[in-house]
Amino acid sequence: MEKGDSEGGCGCKGIRRCLRCEAAPPPEKAANFTYCPRTGFALGEKHSAFAGWAFPFPGVCLLEDFVSAEEEDKMVALMDQDPWKPSQSGRRKQDYGPKVNFKKRKLKADGFAGLPSFSREIVKRMGDFSVLEGFSPVEQCNLDYGPERGSAIDPHWDDWWLWGERLVSLNLLSATVLSMSCDLDDPLQLFPDHLRQSEQTPSSGSLDTFQVPRHQTPSPAEEFGSTTKREADGPLSTRSVPSREVIVAIHLPRRSLVVLHGPARHRWKHAIYRNHITSRRICITFRELSAEFSLGGKQEELGKKLLGVALTFQGRPV
């Protein structure tokens, strides 16, 4: 029995399920686009109906090798010294943050002593990248995924009453896939894929764009526009498809850090499907405060108090 698990139990509630409590696994949709971190485009999968088509997918920043193998080993060892609590859909968790009732929009800071000490250097390093300028996490959640438990997380949006614009996750121990989907019928405009110059793996090239601190790069739309201007053969052909028919796979290498903001945060839901957990995986997610709890917001003072506690880096799981 793993540390923190109760005998034969699980943390599933409502419609959530894991291998311990379900009769049959729910169907999992296959991605028909893959996110390219080099260009910021979602590219149609070769064997899907969208092969040869692409569209800009803004709001994603992927940073490979954000931590070293030695740092990963040290962090995981420190996490495993504390108990893991059973969570929904076959996951285990450790929370560092205020206790929150999102339905009633209430929170309690009792027992919250800050983020853990091993996160201090990680948070400091985040400030070297323009996409994370001014990012001050007030909450950290460690999630442990294991294939033997059927670990997964259904498509969802993170709360935006308390949590702010940027969601930041560090992927440890194994590679996985973040699956992005949308419930809207709004038409999504696709373009012929003129950007890919050569075959490459889904995760390659991200450091070309984001490795240099404070480096500003053109948006996918700007890059696409500069490319299409070079087209000499009349108007560019396009195609539209309902957004709900599209699933975008974002491949997360081991020890990479991913930032979701803008449309990837508010329009698209994110999920981790069971078939993408092939060995133990730990995800460390950092969240910042929303405008309501920030400078000039209605609950600015409470936000200051929470941040003051969080950034002492003296916390234990609550």
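Not measured: the values here are computed from a predicted model.
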*Asks:* Val67 and Phe286: same hydrophobic cluster, using ILVMFWY side-chain contacts below 4.5 Å?
*Replies:*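 In one cluster: yes.
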
*Asks:* Apply side-chain contact (heavy atoms from CB on, under 4.5 Å) to Glu70 and Lys74, showing your working.
*Replies:* CA-CA 6 Å; Glu70 293 75 18; Lys74 183 178 180 180; over 6 Å; no

*Asks:* Tell me whether Glu71 is salt-bridged to Arg125, with the criterion being a basic N under 4.0 Å from an acidic carboxylate O.
*Replies:*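 Salt bridge between Glu71 and Arg125, a charged N being under 4.0 Å from a carboxylate O: yes.
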
*Asks:* Which heavy atom of Ala271 sits nearest a heavy atom of Pro155, and at what distance?
*Replies:*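 Shortest heavy-atom separation between Ala271 and Pro155 comes out as CB-N, 3.5 Å.
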
*Asks:* With a 4.5 Å cut-off on side-chain heavy-atom distances among I, L, V, M, F, W and Y, is there a chain of contacts connecting Ile153 to Ile247?
*Replies:*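 In one cluster: no.
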
*Asks:* Hey, what do you get for CG (Leu63) to CG (Leu132), rounding to the nearest 0.5 Å?
*Replies:*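 The CG atom of Leu132 is 7.0 Å from CG of Leu63, to the nearest 0.5 Å.
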
*Asks:* How many angstroms lie between atom CG of Leu302 and atom CD of Glu292, to the nearest 0.5 angstrom?
*Replies:*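 Nearest 0.5 Å value for the CG-CD distance: 9.5 Å.
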
*Asks:* Answer yes or no: is there a side-chain heavy-atom contact under 4.5 Å between Lys108 and Asn101?
*Replies:*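 Counting from C-beta outward, Lys108 and Asn101 never come under 4.5 Å.
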
*Asks:* If only atom types and distance count, is the side chain of Ser243 paired as donor or acceptor with the main-chain N or O of Pro187 below 3.5 Å?
*Replies:*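 No, because the side chain of Ser243 does not come within donor-acceptor range (under 3.5 Å) of the backbone of Pro187.
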
*Asks:* With side chains defined as the heavy atoms from C-beta onward, is the minimum distance between Thr176 and Ile277 less than 4.5 Å?
*Replies:*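 They are in contact (side-chain heavy atoms under 4.5 Å apart), so the answer is yes.
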
*Asks:* Does Asp154 offer a backbone N or O that forms a donor-acceptor pair with the side chain of His156 under 3.5 Å?
*Replies:*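 Between the backbone of Asp154 and the side chain of His156 there is a qualifying donor-acceptor contact (under 3.5 Å).
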
*Asks:* Would you call Asp110-Lys99 a salt bridge at under 4.0 Å N-O?
*Replies:*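 Looking at Lys99 together with Asp110, the answer is no, because their closest N to O distance does not fall below 4.0 Å.
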
*Asks:* I need the minimum non-hydrogen distance between Phe57 and Val248, along with the two atoms involved.
*Replies:*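 What the structure gives for the nearest pair is CE1-CG2, 3.9 Å.
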
*Asks:* Using the rule given for salt bridge (charged side-chain N to carboxylate O under 4.0 Å, His left out), can you reason through Arg265 versus Asp159, listing the C-alpha separation, both sets of side-chain angles and the distance that settles it, and then say yes or no?
*Replies:* CA-CA 10 Å; Arg265 162 81 163 100; Asp159 166 81; over 6 Å; no

*Asks:* Are Leu252 and Val177 grouped together when hydrophobic residues (ILVMFWY) are joined by side-chain heavy atoms under 4.5 angstrom apart?
*Replies:*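 Different hydrophobic clusters.
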
*Asks:* For Arg254, is there an ion pair with Glu72 - N to carboxylate O distance below 4.0 angstrom?
*Replies:*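 Arg254 and Glu72: salt-bridged.
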
*Asks:* Could you give me the CA-CA distance, side-chain angles and deciding distance for Glu45 and Thr34, then say whether side-chain hydrogen bond (donor to acceptor under 3.5 Å, both in side chains) is met?
*Replies:* CA-CA 7 Å; Glu45 291 281 2; Thr34 295; 2.4 Å; yes

*Asks:* Is there a side-chain contact between Leu172 and Met79, using heavy atoms and a 4.5 Å cut-off?
*Replies:*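 Yes - at least one pair of side-chain heavy atoms lies under 4.5 Å apart.
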
*Asks:* Tell me whether Lys269 at atom NZ has more than 12 heavy atoms from other residues, nucleotides or ligands lying less than 6.0 Å away.
*Replies:*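 Yes, enclosed.
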
*Asks:* Can you get from Leu289 to Phe102 by hopping between Ile, Leu, Val, Met, Phe, Trp and Tyr side chains that sit under 4.5 Å apart?
*Replies:*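 Result: yes, single cluster for both.
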
*Asks:* Please check if the side chain of Asp65 supplies one atom and the backbone of Ser68 the other of a donor-acceptor pair under 3.5 Å.
*Replies:*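 No, because the side chain of Asp65 does not come within donor-acceptor range (under 3.5 Å) of the backbone of Ser68.
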
*Asks:* Side chains of Ser151 and Arg281: any donor to acceptor distance under 3.5 Å?
*Replies:*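 No donor-acceptor contact under 3.5 Å links the two side chains.
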
*Asks:* Could you tell me which non-hydrogen atom of Phe41 sits nearest to which non-hydrogen atom of Ala54, and how far apart they are?
*Replies:*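 Closest pair (atom of Phe41, atom of Ala54, distance): CD2-CB, 4.0 Å.
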
*Asks:* Hey, could you give me the CG/CE distance between Leu170 and Met126, rounded to the nearest 0.5 Å?
*Replies:*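 Interatomic distance, Leu170 CG to Met126 CE, rounded to 0.5 Å: 7.0 Å.
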
*Asks:* Do Ser256 and Leu62 touch side chain to side chain, with heavy atoms closer than 4.5 Å?
*Replies:*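 In contact.
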
*Asks:* Shared ILVMFWY cluster between Trp268 and Trp160, side chains joined below 4.5 angstrom?
*Replies:*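 No, Trp268 and Trp160 fall in different hydrophobic clusters.
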
*Asks:* How long is the gap from NE2 on His251 to OG on Ser179, to the nearest 0.5 Å?
*Replies:*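 Rounded to the nearest 0.5 Å, the NE2-OG separation comes out at 8.5 Å.
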
*Asks:* Taking the side chain as every heavy atom from C-beta outward, state whether Phe191 and Ser237 have any atom pair closer than 4.5 Å.
*Replies:*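 Not touching, per the 4.5 Å side-chain cut-off.
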
*Asks:* Run the salt bridge (charged side-chain N to carboxylate O under 4.0 Å, His left out) check on Arg280 and Asp144 step by step: do they pass?
*Replies:* CA-CA 7 Å; Arg280 188 186 185 194; Asp144 185 324; 2.7 Å; yes

*Asks:* Does Asp158 come within less than 4.0 Å of Arg287, counting only side-chain N to carboxylate O?
*Replies:*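 Arg287 and Asp158: salt-bridged.
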
*Asks:* State, to 0.1 Å, how close Trp161 and Lys106 come at their nearest heavy-atom pair, and which atoms those are.
*Replies:*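 Closest approach of Trp161 to Lys106: CH2-N, 3.7 Å.
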
*Asks:* Name the atoms and distances for all side-chain donor-acceptor pairs under 3.5 Å in residues 303-318, with sequence neighbours left out.
*Replies:*
from, atom 1, to, atom 2, distance (Å)
Lys304, NZ, Glu300, OE2, 3.3
Thr312, OG1, Ala113, O, 3.3
Thr312, OG1, Val309, O, 2.7
Arg316, NE, Asp82, OD1, 3.4
Arg316, NH2, Asp82, OD1, 2.5

*Asks:* Which is it for Arg244 and Asp183 under the side-chain contact (heavy atoms from CB on, under 4.5 Å) test, yes or no, and what are the steps along the way?
*Replies:* CA-CA 5 Å; Arg244 58 180 168 77; Asp183 295 334; 5.8 Å; no

*Asks:* Considering all heavy atoms of both residues, which atom of His261 and which atom of Val60 are nearest to each other, and what is their separation?
*Replies:*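 Here His261 and Val60 meet closest at NE2-N, 4.2 Å.
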
*Asks:* Under the side-chain contact (heavy atoms from CB on, under 4.5 Å) rule, what do Val138 and Glu288 come out as? Steps first, then yes or no, please.
*Replies:* CA-CA 5 Å; Val138 72; Glu288 63 184 343; 6.0 Å; no

*Asks:* From Ile284 CD1 over to Cys141 SG, what is the distance, rounded to the nearest 0.5 angstrom?
*Replies:*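 Answer rounded to 0.5 Å: 10.0 Å.
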
*Asks:* Side-chain contact, heavy-atom cut-off 4.5 Å: Pro137 with Val123?
*Replies:*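 Side-chain contact under 4.5 Å: yes.
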
*Asks:* Please report the interatomic distance CG(Leu143) to OG1(Thr285), rounded to the nearest 0.5 Å.
*Replies:*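 Going from CG on Leu143 over to OG1 on Thr285, the span is 6.0 Å.
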
*Asks:* In sequence, state the C-alpha distance, the side-chain angles, and the governing distance for Val246 and Phe55, and then conclude on side-chain contact (heavy atoms from CB on, under 4.5 Å).
*Replies:* CA-CA 11 Å; Val246 168; Phe55 66 95; 4.0 Å; yes

*Asks:* Looking at Ser48 and Gly44, what are the two nearest heavy atoms and their distance?
*Replies:*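 That closest heavy-atom pairing would be OG-C, 4.3 Å.
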
*Asks:* Phe33 and Phe50: aromatic ring centres closer than 6.0 Å?
*Replies:*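 So the answer is yes for these two rings.
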
*Asks:* Look only at the side chain of Arg91 and the backbone of Gln88, and say whether a donor-acceptor pair between them is shorter than 3.5 Å.
*Replies:*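 Yes.
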
*Asks:* Flag the pair Leu257 / Asn171 as yes when at least one side-chain heavy-atom distance between them is below 4.5 Å, and no otherwise.
*Replies:*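 They are not in side-chain contact.
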
*Asks:* Considering only heavy atoms from C-beta outward, does the side chain of Gln140 approach that of Pro116 to under 4.5 Å?
*Replies:*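 Yes; the side chains approach each other to less than 4.5 Å.
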
*Asks:* Are Arg239 and Asp193 within salt-bridge range, i.e. N to O under 4.0 Å?
*Replies:*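 Salt bridge absent between Arg239 and Asp193.
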
